[in-house]
Number of protein chains: 2
Amino acid sequence: MELAERKLKILNAVIKNYLETGEPVGSRTISKYTDLNLSSATIRNEMADLEEMGYIVQPHTSSGRIPTDMGYRLYVDNLMREKETELNKKERELNEVQEFLNDKVEKVEELLQNTAKLLANNTNYATMITTPINHRGRRLKFIQLSLFEENKLLCVIVAEGNIIKNRIITLKETIDNETVLKLNIIFNTSLNGLSLEEMNIGLISKMTGQAAEHMQLVRDIIDVVGLALADEDDFKVYTSGTTNIFKYPELSESSTASEIINTFEEKNLLTNLLVDKEDSSQNKEVIQVYIGNETSVQSMKDCSVVTATYEIEEGVTGTIGIVGPKRMDYEKVVEALKAVKSQLDDRFKKHD
Amino acid sequence: MELAERKLKILNAVIKNYLETGEPVGSRTISKYTDLNLSSATIRNEMADLEEMGYIVQPHTSSGRIPTDMGYRLYVDNLMREKETELNKKERELNEVQEFLNDKVEKVEELLQNTAKLLANNTNYATMITTPINHRGRRLKFIQLSLFEENKLLCVIVAEGNIIKNRIITLKETIDNETVLKLNIIFNTSLNGLSLEEMNIGLISKMTGQAAEHMQLVRDIIDVVGLALADEDDFKVYTSGTTNIFKYPELSESSTASEIINTFEEKNLLTNLLVDKEDSSQNKEVIQVYIGNETSVQSMKDCSVVTATYEIEEGVTGTIGIVGPKRMDYEKVVEALKAVKSQLDDRFKKHD
DNA sequence: TGTTAGCACTCACTCGATAAGAGTGCTAAT
DNA sequence: ATTAGCACTCTTATCGAGTGAGTGCTAACA
């Protein structure tokens with residue numbers, strides 16, 4: 001069934017009003033604060049239709065209407081206008097972000113944490129942001145072995161994208177510095193540019209051949225390198241503004257709040273909010289909105305989650321997420337996410 | 001004024017009972033569930049005295065009594081018995097901890113996070129734990145420079161205690177591998193074993209003398225090393241079980257809970273809970289209890305904080321903390337902290 | 001045929017009154 | 001010194017009445 005123009009306008013008005021107030025909205029309100037010039041009785045008829053179609057409901061007989069998940073969906077997909085009229089405001093926000101992000105933040109960790117905080121403060125919702133990860137297998141760029149103690153070998157492993165990992169190998173045999181130098185050369189000439197999968201048996205036997213006396217050590221090092229490349233211990237989720245959810249009565253009830261906050265504390269639960277959409281990779285560009293049960297994370301069933309993917313280079317992406325009540329200000333959130341996303345993209349590219 | 005034996009017993013009974021139930025406790029309850037064999041009327045008289053002395057109060061006229069902060073203090077300092085009778089139970093817990101901590105946890109980060117979680121699950125309070133930090137200035141143990149890109153120099157800095165940091169210096173001039181080798185030798189012979197303060201002007205000029213063409217670079221590297229040694233970016237606070245506070249009605253009210261959880265989210269606020277006692281270093285061995293306003297962190301005024309310091313080697317310590325309602329089970333908490341502390345101490349010493 | 005005025009009805013919410021229950025302080029008796 | 005007894009206080013739960021927002025439906029209207 002096609003929705004008539006007028007119905008859409010009314011639905012839009014209902015949702016807009018509900019987003020602001022959080023109270024069920026009645027026919028009289030719509031009739032007054034809308035340019036439709038219709039009496040409340042007419043609005044009532046239309047609202048009854050909209051209810052029958054599933055876009056709005058009454059919390060109890062004879063109260064105003066609130067949007068259903070389906071109603072929100074329609075709003076987000078078709079009704080919502082991004083506030084492109086308020087260009088100056090948008091630009092102001094952009095500048096603020098820009099200024100903030102350019103400010104003496106050297107470490108990625110700090111940058112991301114600050115971004116989350118900025119976003120939380122500006123939106124009044126809970127936010128999260130992941131470190132960027134490489135979806136294609138990581139390649140080894142450089143390796144440096146050094147003997148820094150009698151029997152301890154430090155392996156510094158630099159992967160593509162200048163991701164640096166340190167591993168310490170405790171030696172069973174003693175080796176001299178000359179050997180270390182030799183190993184360095186062997187490893188850097190043989191392994192560089194290879195991904196985990198490409199380090200195969202043939203290669204290993206060839207390398208152990210070059211350093212016959214230290215077969216075992218070479219194997220150990222390759223193992224360590226392999227594990228280090230595969231290891232995603234540098235994948236982290238930063239959160240901020242968790243307690244913002246207390247600003248929304250519908251989420252403040254102790255059991256609800258507890259579940260949500262718990263999800264934010266258990267970072268691995270949080271990633272579920274962010275990964276499932278990696279699969280549906282139709283368009284990473286776009287900002288995704290998950291309403292209520294659409295999130296597949298049970299504890300978020302009363303929330304909406306809006307995510308954006310930022311990409312610091314081909315195939316290396318991270319996710320930014322905002323969690324709030326279903327009646328969140330989608331326009332503002334989408335706008336803010338776009339601003340932060342684009343700044344983040346730029347920022348990384350500059351520094352690369 | 002000295003407290004008579006009987007008053008102490010009654011106070012103890014009041015507090016014990018309140019810890020369990022969270023409800024104001026009346027004279028009748030005490031009279032029945034205590035071996036004093038006194039009527040409720042007598043208890044009432046004694047309780048009136050105890051109230052006058054400031055150990056207990058009535059939330060409103062004609063209700064039972066609850067302990068004041070002063071009452072809790074007396075309890076913690078003098079009345080509380082550690083459950084040494086229940087040796088088997090204690091031992092069981094110890095074993096559980098031990099088993100848990102020995103289980104395939106390689107990285108410190110994971111170990112600490114797991115410890116926090118274990119403690120939170122066992123106590124039903126919110127927990128936190130800091131990484132160990134060195135209170136004496138850190139010394140440089142080893143440095144490794146390598147050119148891993150045309151104009152990018154990787155500095156791997158190993159400090160005492162095998163704390164490893166990576167820094168990347170973007171070069172203004174180009175240098176060859178030979179120079180890097182030379183620099184490595186200069187740095188390792190000149191700087192090793194020195195703390196930040198000992199890297200003085202004289203030393204720097206001597207070093208730039210040895211590598212005359214690269215004065216600026218040498219200075220830059222020394223700067224980077226200095227910053228890296230001073231930088232405590234590896235100081236982290238891990239938390240767990242924040243949402244446990246919802247299990248206690250007196251903390252569940254949205255505004256109270258929000259403040260507490262917010263403090264847990266802002267890790268730097270949390271450190272305030274843990275550092276102020278570093279000063280009063282009389283006895284690090286002992287477990288510290290902060291009741292209500294004693295914590296100096298405003299948001300924790302309705303909570304008690306119990307902390308323990310673990311030491312992985314002379315001068316390198318971290319802190320474990322438990323936050324709960326003032327009516328927390330102090331005995332259990334102290335016991336649990338002791339168990340975890342000792343396990344943690346051992347664990348690190350073993351691996352060193 | 002679409003729109004509107006009018007009206008009866010529903011439901012949540014507030015407020016006050018009432019009753020029950022837990023606990024106290026005080027007095028007088030033991 | 002201890003205790004029984006009693007009047008008193010304060011909280012909490014429950015109930016009913018009153019109010020207000022909002023609806024659905026019907027009948028009149030353009």
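FYI, side chains are in, hydrogens and waters are out, and symmetry mates aren't considered; it's all heavy atoms of this structure. What you see is a predicted model; the values in this text were computed from it and never measured. Here is how names work: the chains are called A, B, and so on, in the same order as the sequence lines, proteins then strands, and each is numbered from 1.
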- prompt: Are a donor atom and an acceptor atom from the side chains of A/T263 and A/S299 found within less than 3.5 Å of each other?
  reply: yes
Discussion item. Can you tell me if B/R65 touches the phosphate of C/dG23, counting only side-chain N or O atoms and a distance under 4.0 Å to OP1 or OP2?
Written reply: no
Minimal heavy-atom distance between A/N124 and A/Y248, with the atoms involved, is O-OH, 2.7 Å
Only one of B/E23, B/E20, B/E250 passes salt bridge (Lys or Arg N to Asp or Glu O under 4.0 Å) with B/R327, and that residue is B/E250
Taken to the nearest whole Å, CD/B/E5 to P/D/dA1 is 18 Å
In whole angstroms, the gap separating P of D/dA1 from CG of B/L38 amounts to 14 Å
**Message:** Please determine whether the number of non-hydrogen atoms from other residues, nucleotides or ligands lying under 6.0 Å from atom CZ of A/R28 exceeds 12.
**Reply:** no
Testing D/dA4, C/dA12, C/dG25 for proximity to the side chain of B/S39, the answer is D/dA4
Would you call B/E266 and A/K117 a salt bridge, taking side-chain N to carboxylate O under 4.0 Å as the test?
yes
B/S304 side chain to B/G324 backbone, donor-acceptor under 3.5 Å:
no
Between CD of A/Q58 and P of C/dC9 the distance, given in whole Å, is 18 Å
note: A/I10, atom CD1; D/dT23, atom P; distance rounded to Å ~ 12 Å
A/R6 CZ to C/dT4 C1', in whole Å, measures 12 Å
* Asked: When you check the phosphate oxygens OP1 and OP2 of C/dT4, does a side-chain N or O of A/T42 lie under 4.0 Å from one of them?
  -> yes
Once hydrogens and angles are ignored, does a donor-acceptor distance under 3.5 Å link the base of D/dT23 to the side chain of A/S62? no
Expected string for nucleotides 25-30 of chain D under the B/S/- scheme (protein heavy atoms, under 4.0 Å, primed atoms plus P, OP1, OP2 as sugar-phosphate) is B-----
Against the side chain of B/T61, the closest entry in C/dT10, C/dT3, D/dT9 is D/dT9
Exercise. Indicate, with a heavy-atom threshold strictly under 4.0 Å, whether A/S40 touches base, sugar-phosphate, or nothing.
Key: nothing
The nucleotide from C/dA12, C/dG25, D/dA21 with an atom nearest the side chain of A/H60 is C/dA12
Checklist entry - Are side-chain N/O atoms of A/S39 and A/T42 paired as donor and acceptor at under 3.5 Å? => result yes
When rounded to whole Å, the CD1 to C1' distance for the pair B/I43 and D/dA4 reads 15 Å
In whole angstroms, the gap separating P of C/dG23 from CD1 of B/I56 amounts to 14 Å
Rounded to whole Å, CD1 of B/I30 lies from P of C/dA22 at a distance of 16 Å
Note: for B/N37 and A/P24 on DNA chain D, the residue whose nearest nucleotide lies more 5' is B/N37
